[in-house]
There are 2 protein chains.
Amino acid sequence: MGIKYLTDGHRGMANVKMSDIASLAGVSESTVSRALCDNPLINEATRTRIKKIAEENGYVLDLRARNLRLQKTGTISVVFPLLHEVDSGISDPFFLEMLGHLADELAERHYDLLLHKIGPGEPRGLIDLVNERRSDGVLVIGQSTQNAVINELATRYEPLVVWGAALPDQHYLTVGSDNYNGAVTAVQHLVGLGHRRIAFFGDKTLPEIGQRYAGYVAAIEQAGIAPNPALECRVPFDRLGARKAMNGFLDQHIAFDAVFAASDLVAIAAINVFDQRGIKVPVDVAMVGFDDIMLAAAYTPALTTVRQDIGQGAKAMVEALFSRLNGTQAASTILPTSLVIRASCGAKMLQNKSA
Amino acid sequence: MGIKYLTDGHRGMANVKMSDIASLAGVSESTVSRALCDNPLINEATRTRIKKIAEENGYVLDLRARNLRLQKTGTISVVFPLLHEVDSGISDPFFLEMLGHLADELAERHYDLLLHKIGPGEPRGLIDLVNERRSDGVLVIGQSTQNAVINELATRYEPLVVWGAALPDQHYLTVGSDNYNGAVTAVQHLVGLGHRRIAFFGDKTLPEIGQRYAGYVAAIEQAGIAPNPALECRVPFDRLGARKAMNGFLDQHIAFDAVFAASDLVAIAAINVFDQRGIKVPVDVAMVGFDDIMLAAAYTPALTTVRQDIGQGAKAMVEALFSRLNGTQAASTILPTSLVIRASCGAKMLQNKSA
DNA sequence: ATAGTTATTGCAATCGATTGCATTTTGGTT
DNA sequence: AACCAAAATGCAATCGATTGCAATAACTAT
């Protein structure tokens, strides 16, 4: 006699299934199924024997079959604004960092991560995705301008969590940073350095940016400075549009001594445009960004910015989603931010003023 | 009488299945199945009738069931070096751009994209992924140091395509840029500008970087310059390590007038470190990068770099993978690169020389 | 009308797992 | 030895689609 093995074919990967293991072990499929998931109904001895056989024959269960039977997918969709067209997109490193953390959190729960890109012109994408029921839940990173679509969807689809700003009439769970207070802190910092004419760079029609703008205004006013609409530069997301907007702003020759940029990417682009026109950061103008992407620290000059804790954010999103899946109540979360001070807004201005 | 509808429950999403449509239409499931996939066996009239009923009742087929039956998954795994730990990782924007393009290519072919993060310390991850057969094929972005594992896997698993350098004893298909010639062009450009003491910044133990290094050496020698090992700075991937390596290089006070950085990220970090020590790019030192990530153009100074066509790369990878899935032969691909000249290595040096 | 085609449709098995219930085996008790 | 409870295992239905083959309906030509 001797131990029987299933020979795996030429392709190397034998298509071993549960019934094969069952016959090898001389038991029924039910027993194998139960043994493999440590069901206590099965005798300790048989259980280990079966497991050993399964192991030796390289058995792995077929998730399609299991999920079909269990009526689930074992998958979470992550919807992502992946914009990469030359003229319409900047791959924000912030998203990649978020994605990495989400991948971790989901892997820990043994869920797969199905990635869906969604472009600016395809609002149906999200709806279809849900209709096809390929996943047990959906995480949306960045509602940007789609919040109407998302909101409509949310009224009939529960397991949906969105990264971004919490808005008033919102039916869906959000996890996001405290944009308002983050902005307040940033602007207060600039004020503390002696800056008075602080420009706002960003597109405040986007929900998150709108909140940052509100914080900017509040901090300005609180410092006793009159908000000046001329100091606002509406910077779109695409690179060319951004440069154009910034150059247009500079062409107006409005005096300003600092910029609060709505994201690090905007800040970086601004520094670049300024540089080309001979304006040096931080010597001539102080600059604060938002996000603290990895590159913020590596930029020249290193960027002072409002840090969002992406790891926490990812964790909160996944937790909220699984609460919904389990029927537990869960509330939207607003995560605290912190100001990271680097070279892009040195203390020089303060010294100038006091001198 | 009147048309019958399946009422969808409170949750909004009715769980309509094919058998429901069958009874509504008064036909068998087989007929519905065939009608929905435009099988010509089915009468034109019934086909449209069934489709209409399916549409009205919001029917969508269950992919698990279909895939189980068809013995496939409809999914491609994308394995991704998502490193985000503070001390071990930089999220290279290059990867996100690639990911976006892959998402497009796969979506076009109606395949889902399953994302798997793989950390530096988990070589088994890739193997397990394949064993679990959750996807019909695997795309690996960046072999980095894992090529031994990948190679072993490739001997028994066919539908595998890797982004990266083509290496001698490789059993797997690769798609990658022409690292060698890209580097040659970059260095020739520096030479043409009059630079003689060109440093190499990067970790040449990684396959892709190794090829770029080879190109660097070749171009140097071809210009009649003796390669100087002291001009090589081995820059690791983590930020702190990178800074340390660069500072160490500067501490040796070896004269150099230009840097060929193995990636844009390295170039960016280098400019930053140089700046902190009073070395200005491009005034004091010229800098060329590799990749042409979005940020290269937005950096200050804008980065001269070797552009990789990521869109083409993604396309080639997916095409190669599907060839394998269809049993067609496919060969590894090497994509051409192009040099993008920007501010980081201006023509100043040349003028200095000729003056 | 009738046999012979051809165009449609249905039956039933199948993909690979899970699980309620029935059944067998084992062990303990008197 | 007989019986009962408890432990271990097996049977068979099920998840929702696809498809070879059989069966029926609709025509065509004689």
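Per chain, numbering begins at 1; letters A, B, ... match sequence-line order. Worth saying up front: this structure is predicted, and the values here are computed from it rather than measured.
- The side chain to side chain contact (heavy atoms under 4.5 Å, CB included) check on B/R66 picks up B/L61, B/L63, B/L70, with sequence neighbours excluded.
- Looking only at side-chain heavy atoms (C-beta outward), B/Y172 and B/V161 stay at 4.5 Å or farther from each other.
- Among residues two or more places apart in sequence or in another chain, the salt bridge (charged side-chain N to carboxylate O under 4.0 Å, His left out) test is passed with A/E105 by A/R109.
- Not counting sequence neighbours, the partners of B/T48 by the side chain to side chain contact (heavy atoms under 4.5 Å, CB included) test are B/E44.
- Within residues 38-51 of chain B, the residues approached by DNA chain C to less than 4.0 Å at the level of any non-hydrogen atom are B/L41, B/I42, B/N43, B/T46, in residue-number order.
- Applying the side chain to side chain donor-acceptor pair (under 3.5 Å) test to pairs two or more places apart or on separate chains, those with a residue in residues 316-335 of chain B are B/T174-B/S332.
- Using five terminal pairs a side, the axes of the helix from C/dA1-D/dT30 to C/dT30-D/dA1 at its two ends make an angle of 50°, given in steps of 10 degrees.
- Under the ring pair (Phe, Tyr, Trp, His ring centres under 6.0 Å) criterion, B/Y59 pairs with no residue, sequence neighbours left out.
- You can see that DNA chain C meets the heavy atoms of chain B within a 4.0 Å-exclusive cut from C/dT8 to C/dG16, reading 5' to 3'.
- Near DNA chain D, meaning a heavy atom under 4.0 Å away, the residues from residues 29-37 of chain B are B/E29, B/S30, B/S33, B/R34.
- For B/L114, the side chain to side chain contact (heavy atoms under 4.5 Å, CB included) test picks out A/D112, A/L114, B/T75, B/S77, B/H116, B/R134, with sequence neighbours left out.
- For B/A25, the side chain to side chain contact (heavy atoms under 4.5 Å, CB included) partners are B/V27, B/R49, B/I50, B/I53, not counting sequence neighbours.
- Note that CZ of A/R34 is 7.5 Å distant from OG of A/S28, once rounded to the nearest 0.5 Å.
- A search for salt bridge (charged side-chain N to carboxylate O under 4.0 Å, His left out) contacts involving A/K315 returns nothing, not counting sequence neighbours.
- Ring-plane geometry between A/W163 and A/F94 is classed as tilted, the angle between the planes lying from 30 to 60 degrees on a 0 to 90 degree scale.
- Remark on DNA chain D: of its neighbouring residues B/R66 and A/R69, the 5'-side contact belongs to A/R69, judged by nearest-heavy-atom nucleotide.
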Check the pair A/T73, A/N67 against side-chain hydrogen bond (donor to acceptor under 3.5 Å, both in side chains), reporting the backbone distance first and the verdict last.
-> CA-CA 5 Å; A/T73 65; A/N67 286 334; over 6 Å; no
